[in-house]
Amino acid sequence: MKIYNTLTKQKEELKTIEEGKVRMYVCGPTVYNLIHIGNARPMIVFDTVRRYMEYKGLQVNYVSNFTDVDDKIIKKANEEGVDPSEISERYIAECKKDMDALNIKPATKNPKATEEIDGMIDMIKTLIEKGHAYVAEDGTVYFKTRSFAEYGKLSHKNIDDLRGGNRELKVSGEEQKEDPLDFVLWKPKKEGEPYWESPWCEGRPGWHIECSVMSKKYLGEEIDIHAGGEDLIFPHHENEIAQSEATNGKTFAHYWMHNAFLNIDNKKMSKSAGNFFTVRDILAKYDAQVLRFFMLSAQYRSPLNFSSELMEAAKNGFERIVNTVSNLDFQIQNKADSALTEDEKALLAEADGFTKKFEEAMDDDFNTADAISAIFELVKFANTNTTETASKAFLEGLKKRILTLTDICGLVVEKKDDGLDAEIEALIEERTKAKKEKNFARADEIRDELLAKGIELKDTREGVQWKRI
């Protein structure tokens, strides 16, 4: 299994700290609003990475944080006249709803910044003691960037060329920095802001320190994989490395994975451009599984363009898989138990070749685009070889192979009984009876009624099949 490591700028064989176990940290969202589709890409991508590693027999300790103290959270709380914790808890709950809809597995741990303040203060104390941080007159604590000789090794920039990123916190006492590159570890409170007691002043942590502390607490001083969007490479992940390695004297993360940006109609997503979409906006038009399928249609390091046309293509592609599984299900239900023929055994062995192609794609830096192509080949193979004389065991074998691969991708392609199935089956039965009694008007009425509900009927030799459209 090879991973492209941002740190070394090359693909490397995955070798974990503990055999058979993976320590993985993924930067989570700042919870001040509903998550947007840009947030959804890393969530889906790294959930799929986790699923594949688990499929390969690895035990994954998957930690992803919620940043629940931030300028944007405080601003929204002040606008609504509520405590910032009310805003963060509200949107953590909403985020989890969206993640559940997208079939993202719950993390092993979702730590919150506000619950880890003591650990942040302890790490800052250590950095001061080791000469990597200093306290300004107003109580602001800065990391002494030039004290960490390898600063810039992740972003591959010369330290003298670096400038603060757009998420760097601006605080009072900024002019007290010893060096313009130094960044905030702790900052004094402002009027109307939440704050905590510290040895330096009443205040709150800088943004970067939280992930260093939470990663160490829940995964250890060294981790296997640290992941997030490519916008986090500098300054956030660069600063995490500096803080963690200066504190612990050990390699912080062995592999750094970063997904590329999501664009909207070939333009950067922004509210000012009027092309900003939350996950909820998209789920009002498309099934959540279609959005997940779309996100996996490109290799994670490739920029992904979002458009109505591409979403329609994703919808059609996803439905091809769903329809194939539905057809297999229908035929399995109408077959008596029977053993595999020798020809069928040979065909299933051939079908295993598509699983091998899928694994090869995923082993090559989690290339979900090629992996999905392998699923489509398997689907085509199933459709081609599903005959009226096919045995139940053969049909079940094909279905199992498709479901195994789609499950790794987190795609739910099998129809779920949501309470409507019994109602639909009853109407189909009534329609069949009406046709037998030559009451074609009622039969057509039922077909139209179901069509209006998004249910399409198909008359086959084995009986009536239905699917959602």
Side-chain angles (χ1 to χ4, degrees), residues 1-7 12 14-31 35 38-68 92-93 95-113 115-116 119 210-230 232-233 236-237 240-241 244 251-259 279 288 292 295-296 300-301 362-363 365-366 368 371 404 406-412:
M1 194 186 300
K2 290 189 174 180
I3 296 176
Y4 180 87
N5 192 348
T6 307
L7 189 68
E12 299 176 6
L14 175 62
K15 293 178 182 176
T16 57
I17 298 163
E18 292 180 85
E19 190 175 348
K21 295 182 179 181
V22 179
R23 306 174 195 177
M24 185 170 181
Y25 188 94
V26 180
C27 284
T30 300
V31 282
I35 60 168
N39 299 135
R41 189 178 192 192
M43 290 177 178
I44 291 168
V45 161
F46 298 120
D47 175 66
T48 305
V49 168
R50 172 195 185 177
R51 285 170 177 269
Y52 184 67
M53 290 192 294
E54 289 176 340
Y55 164 76
K56 296 288 274 188
L58 294 165
Q59 182 183 326
V60 185
N61 188 350
Y62 189 95
V63 176
S64 186
N65 69 303
F66 287 117
T67 296
D68 63 343
I92 285 171
C95 177
K96 286 182 176 179
K97 284 181 190 174
D98 287 341
M99 291 169 74
D100 185 54
L102 293 166
N103 199 28
I104 293 164
K105 291 180 71 172
T108 311
K109 181 71 178 177
N110 283 126
K112 302 172 191 172
E115 294 176 357
E116 309 293 341
E210 65 177 80
C211 290
S212 287
V213 168
M214 291 186 274
S215 177
K216 180 179 179 178
K217 180 175 178 179
Y218 296 104
L219 296 170
E221 293 180 346
E222 287 187 83
I223 68 172
D224 295 300
I225 300 171
H226 198 311
E230 66 180 6
L232 300 179
I233 295 172
H236 185 50
H237 288 165
E240 278 189 64
I241 290 173
S244 296
T251 299
F252 174 37
H254 291 246
Y255 303 86
W256 289 85
M257 298 180 71
H258 294 96
N259 66 276
V279 168
R292 181 168 183 127
M295 291 289 187
L296 297 176
Y300 74 93
R301 287 189 294 112
M362 292 297 281
D363 282 339
D365 195 30
F366 309 98
T368 53
T404 296
T406 52
D407 184 61
I408 293 166
C409 295
L411 297 168
V412 181

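Quick note: residue numbers are just sequence positions, from 1. Values in this document were obtained by computation on a predicted structure and should not be read as measured data. Computation of the quantities below employed the complete heavy-atom set of this structure, encompassing side-chain atoms and omitting hydrogens, waters and symmetry-equivalent molecules.
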If you round to the nearest 0.5 Å, how far is [atom2] of [Y] from [atom1] of [X]?
X: Asn110; Y: Asp68; atom1: CG; atom2: CG; value: 11.5 Å
X: Leu411; Y: Leu102; atom1: CG; atom2: CG; value: 11.0 Å
X: Glu230; Y: Asn259; atom1: CD; atom2: CG; value: 7.0 Å

Residues forming a side-chain hydrogen bond (donor to acceptor under 3.5 Å, both in side chains) with [X], sequence neighbours excluded:
X: Glu115; result: none
X: Lys97; result: Glu94
X: Tyr52; result: Asp363
X: Asn61; result: none

Pairwise side-chain contact, [X] with [Y], heavy-atom cut-off 4.5 Å (strictly under):
X: Val31; Y: Lys112; result: no
X: Val63; Y: Met214; result: no
X: Met53; Y: Met1; result: yes
X: Phe252; Y: Ser215; result: yes
X: Phe46; Y: Tyr62; result: yes
X: Asp224; Y: Arg23; result: yes

Applying salt bridge (charged side-chain N to carboxylate O under 4.0 Å, His left out), name anything that partners [X], two or more places apart in sequence or on another chain.
X: Asp47; answer: Arg51, Arg292
X: Glu116; answer: Lys217
X: Lys105; answer: Glu54

Return the set of residues passing side chain to side chain contact (heavy atoms under 4.5 Å, CB included) with [X] (not counting sequence neighbours), or none when no residue passes.
X: Met99; result: Met43, Cys95, Ile104
X: Ser212; result: Met123, Glu240, Gln243, Ser244
X: Asn5; result: Leu7, Thr8, Glu12, Tyr255, Trp256

Tested for side chain to side chain contact (heavy atoms under 4.5 Å, CB included) against Thr368, the lone hit among Ile408, Thr48, Val45 is Thr48
Minimum heavy-atom distance between [X] and [Y], given as atom pair plus value:
X: Ile44; Y: Met295; result: CD1-CG, 3.6 Å
X: Asn65; Y: Gly28; result: OD1-N, 2.8 Å
X: Leu296; Y: Cys409; result: CD1-O, 3.3 Å
X: Ile17; Y: Ile223; result: CD1-C, 3.6 Å
X: Asn39; Y: Ile35; result: OD1-CA, 3.4 Å
X: Leu232; Y: Cys27; result: CD1-CB, 3.6 Å

Whether over 12 other heavy atoms sit under 6.0 Å from Gln59 CD:
no
So with a 6.0 Å cut-off around NZ of Lys56, is the heavy-atom count from everything else above 12?
yes
What residues, two or more places apart in sequence or in another chain, satisfy ring pair (Phe, Tyr, Trp, His ring centres under 6.0 Å) together with Tyr300?
none
Partners passing ring pair (Phe, Tyr, Trp, His ring centres under 6.0 Å) against His254 (at least two apart in sequence or in another chain):
none
Measure from the side-chain N and O atoms of Ser64 to the backbone N and O of Val26, and report whether any donor-acceptor pair falls under 3.5 Å.
yes
Consider ring-ring contact (aromatic ring centres under 6.0 Å, His included). Of His237, His226, His236, which one does His258 pass it with?
His237
Could you give me the CA-CA distance, side-chain angles and deciding distance for Ile3 and Phe366, then say whether side-chain contact (heavy atoms from CB on, under 4.5 Å) is met?
CA-CA 8 Å; Ile3 296 176; Phe366 309 98; 3.6 Å; yes
